[in-house]
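Structure first, commentary second.
Residue numbers run from 1 in the order of the sequence given. Bear in mind that the values here come from a model prediction, so they are computed numbers and not experimental data.
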Amino acid sequence: MVLSSHLAFDLGATSGRAILGRLEKDHLTLTEVHRFPNAMLRERGRYVWDTNRLFSEINFGIAAARTSQDPISSIGVDTWGVDFGLLDAKGTLLSMPVAYRDPYTDGIMDEIFRIIPRETLYARTGIQFMQLNSL
């Protein structure tokens, strides 16, 4: 007897997948219900994520998971977590998020440290100094 079902999405730099976890009395069963390629696009000279396609793939994964008889109790999404999209006042995405692999941040750490000392920046953010990390 299934106690609960949970759907997890793993969005990687080259592929994504949807995994349905079913919690039973004494164990957890994991089933891949959808897998898809993920790739950056070139837009206005930048590498960006195709969020429209990613949302479509997530919806497809939800539909695939719903073919089981058990209701889905929760949905989670895991990504690198360093990219972001900007929204307008109505919540509309202004442009596709620039991918962390785009070279737009080449040399930016030296520029930042001229404005904010390393120690101060780390104390405020707690984020390690890597070119791909967003502040």
Side-chain angles (χ1 to χ4, degrees):
M1 177 178 138
V2 175
L3 299 175
S4 61
S5 294
H6 307 271
L7 183 60
F9 288 92
D10 174 24
L11 303 180
T14 60
S15 69
R17 61 188 177 149
I19 304 292
L20 182 63
R22 291 187 178 98
L23 183 60
E24 298 184 34
K25 182 178 179 182
D26 59 354
H27 68 280
L28 175 66
T29 302
L30 301 177
T31 305
E32 182 179 291
V33 295
H34 182 48
R35 180 177 285 269
F36 53 92
N38 188 21
M40 297 173 286
L41 301 175
R42 246 349 227 174
E43 184 177 276
R44 290 185 231 137
R46 296 276 184 235
Y47 288 109
V48 299
W49 296 116
D50 186 353
T51 53
N52 294 326
R53 194 179 63 72
L54 289 173
F55 286 137
S56 177
E57 297 289 358
I58 288 170
N59 284 327
F60 189 91
I62 292 170
R66 292 186 69 204
T67 61
S68 79
Q69 299 298 320
D70 310 311
I72 298 171
S73 301
S74 67
I75 297 175
V77 179
D78 176 50
T79 68
W80 271 89
V82 296
D83 301 327
F84 57 91
L86 299 176
L87 307 175
D88 66 14
K90 294 180 182 177
T92 303
L93 189 63
L94 295 174
S95 65
M96 299 296 187
V98 176
Y100 70 93
R101 292 183 177 187
D102 187 274
Y104 76 106
T105 57
D106 287 352
I108 199 69
M109 296 305 290
D110 292 333
E111 286 185 47
I112 290 172
F113 296 143
R114 282 194 283 275
I115 299 167
I116 302 171
R118 293 175 74 94
E119 298 77 20
T120 303
L121 187 61
Y122 185 77
R124 290 182 183 174
T125 66
I127 296 173
Q128 73 183 118
F129 300 127
M130 295 177 66
Q131 182 172 318
L132 61 87
N133 280 340
S134 307
L135 291 176

Pairs touching residues 106-124 that satisfy side chain to side chain donor-acceptor pair (under 3.5 Å), sequence neighbours left out:
Asp106-Gln131

Shared ILVMFWY cluster between [X] and [Y], side chains joined below 4.5 angstrom?
X      : Y      : value
Ile72  : Val33  : yes
Ile108 : Tyr104 : no
Leu86  : Met96  : no
Ile115 : Met109 : yes
Val48  : Leu132 : no

Determine the minimum heavy-atom distance between [X] and [Y], stating which atoms define it.
X     : Y     : result
Leu3  : Glu24 : CD1-O, 3.8 Å
Asn38 : Gly12 : ND2-O, 2.7 Å
Leu23 : Leu28 : N-CD1, 4.0 Å
Thr51 : Pro97 : CG2-CD, 3.4 Å
Ala65 : Leu20 : O-CD2, 4.1 Å
Ser4  : Ser73 : CB-OG, 3.6 Å

With [X] via ring-ring contact (aromatic ring centres under 6.0 Å, His included) - residues at least two apart:
X      : answer
Tyr100 : Trp80
His6   : none
Phe113 : Phe129

Who pairs with Asp70 by side chain to side chain donor-acceptor pair (under 3.5 Å), at least two apart in sequence or on another chain?
Arg22

Partners passing side chain to side chain donor-acceptor pair (under 3.5 Å) against Asp83 (at least two apart in sequence or in another chain)
Trp49

Side-chain contact test, heavy atoms from C-beta onward, threshold under 4.5 Å: evaluate it for Leu11 versus Ile58 and give yes or no.
yes

With sequence neighbours excluded, residues passing salt bridge (charged side-chain N to carboxylate O under 4.0 Å, His left out) with [X]:
X     : answer
Glu32 : Arg35
Asp10 : Arg17
Arg46 : Asp102

Measuring from atom [atom1] of [X] to atom [atom2] of [Y], what distance do you get when rounded to the nearest 0.5 angstrom?
X     : Y     : atom1 : atom2 : value
Met40 : Arg42 : CE    : CZ    : 9.5 Å
Leu87 : Leu93 : CG    : CG    : 6.0 Å
Thr79 : Leu54 : OG1   : CG    : 10.0 Å
Ile75 : Ile62 : CD1   : CD1   : 4.0 Å

Are the side chain of Thr92 and the backbone N or O of Asp88 linked by a donor-acceptor pair below 3.5 Å?
no

Keeping to residues at least two apart or across chains, list the ring pair (Phe, Tyr, Trp, His ring centres under 6.0 Å) pairs with something in residues 7-39.
His34-Phe36, His34-Phe60

Does any pair with a residue in residues 47-64 pass salt bridge (charged side-chain N to carboxylate O under 4.0 Å, His left out), and if so which ones, sequence neighbours excluded?
Arg53-Glu57

Please go through Val2's hydrophobic cluster and name the other residues, only I, L, V, M, F, W, Y counting, with side-chain heavy atoms under 4.5 Å joining them.
none

